[in-house]
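Data first, discussion second: the structure below is written as structure tokens.
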Number of protein chains: 2
Amino acid sequence: MELSPTAHVILGMLSWGPKSGYDVKAIVDNSTRFFWAASYGQIYPELRKLAEAGLIEAEAGPEGGRRRTVYRLSPTGHERLREWLSAEPETYELRDDGLLRLFFAAAAPDTAAGTLASKRHYHEGLVEQFREIEATGKPEGFALAVLHYGIEMNEWAAAWCARAAADLESATRAA
Amino acid sequence: MELSPTAHVILGMLSWGPKSGYDVKAIVDNSTRFFWAASYGQIYPELRKLAEAGLIEAEAGPEGGRRRTVYRLSPTGHERLREWLSAEPETYELRDDGLLRLFFAAAAPDTAAGTLASKRHYHEGLVEQFREIEATGKPEGFALAVLHYGIEMNEWAAAWCARAAADLESATRAA
DNA sequence: GAAGTCATGTAAACGGTTACATGATTTT
DNA sequence: AAAATCATGTAACCGTTTACATGACTTC
């Protein structure tokens, strides 16, 4: 069976310990979301499929309390995760509306400064969010490394915007 | 009428002069594709809609030669483009499979070095492609600025991978 | 005359998001 | 008692890609 991208996210999350669909979504929402999102509409159906395929197993129901289904990784599931981790990354996609607007800015050059400012602000906001996550002290190891990637890359992007805005301003003044 | 993202790409491209759907696709494929893709399945239907809405106009048919429909921006279309350029960017999305694999690498730590090498290689390949585009001398103004963003950002990403790989290796050796 | 490429278009499938529905439990 | 949050799930929709179909013109 071919595994969907979401399936890999789930296998990865469960490799950190047993979790419910709700747990997976919550963790995705403040970690992988920034480079790989997933919604309930994908997570719950995918949990079913993975359980049917035997890659994950539903744990015994909870004693009292809320109804929840907690899954854990099966040995086969762990093996599949390992296989996926050993393979080459397939997807790198970027959709950057700010860059698109800047690309076409010649049609209305006075808008470029605003676009650069917005984009800069956006990346600075991400850096702030990431620094807060870092401050919780929770991420460690590879997850922490990826968090640092996020911080540094957005710092870089914000700095680029600042530089481009400065260049633009001096070019405008010169003309 | 609310304009789709693809519509804005088309308006932007036509602001550089009249073009056919085929032309638009060809230009997208070696420019915006890296931060905003578009396929025939979107472009042709969108051209129709934009023409119906009066934002673009089909030019008089060609004298002999191949059948092709060339569109140009109408004054209303130009105005709509300008409005869009004045507004705040809405979308920034990243899907980075390599980062995802690295994030979960603790489940199979020996795979991390390979993932980092692949990701590095990928970004270096992009830099090469962009340098070739730069060498054609075609992009200018804002489009050239965006090209430089692409070059520098991928250089940064490749360098990050190299650094992370070095850190990983020394950490592994220490243990 | 075969291969390539210019050019337009559509149907089906896919991955994903949004919005909604439901209801139990916990907190205020 | 009300509000928040935990928790699961589905249906409808949307944007997009892929694959295919068609045919004319150009180059070898």
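The closest side-chain donor-acceptor pair between A:His148 and A:Glu134 falls under 3.5 angstrom. No side-chain donor from either of A:Arg95 and B:Thr91 sits under 3.5 Å from a side-chain acceptor of the other.
Note on ring orientation: taking the six-membered ring where Trp is involved, the planes of B:Phe103 and A:Phe35 are perpendicular (angle over 60°, cut-offs 30° and 60°). Below 30°, between 30° and 60°, or above 60°: for B:Trp160 and A:Tyr149 the angle between ring planes is above 60°, a perpendicular geometry.
Of the residues A:Glu155, A:Glu124, A:Glu152, the one that meets the salt bridge (Lys or Arg N to Asp or Glu O under 4.0 Å) test with A:Arg131 is A:Glu155.
Following rounding to the nearest Å, A:Lys19 (NZ) and D:dC6 (C1') show an atom-to-atom distance of 16 Å. Atoms CG (B:Leu47) and P (C:dG9) sit 8 Å apart, rounded to a whole Å.
The side-chain heavy atoms of A:Asp97 and B:Trp84, taken from C-beta on, include a pair separated by under 4.5 Å.
The phosphate of C:dT8 has OP1 or OP2 within less than 4.0 Å of a side-chain N or O from B:Ser20. For C:dG16, the OP1/OP2 oxygens have a side-chain nitrogen or oxygen of A:Thr6 closer than 4.0 Å. Within the 4.0 Å cut-off from OP1 or OP2 of C:dA7, at least one side-chain nitrogen or oxygen of B:Arg68 is found.
Taking the side chain of B:Tyr22 as heavy atoms from C-beta on, and the options D:dT16, C:dT5, C:dT17, the nearest nucleotide is C:dT5.
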Contact state string [nucleotides 10-15 of chain C, B base, S sugar-phosphate only, - no protein heavy atom under 4.0 Å]: B-----
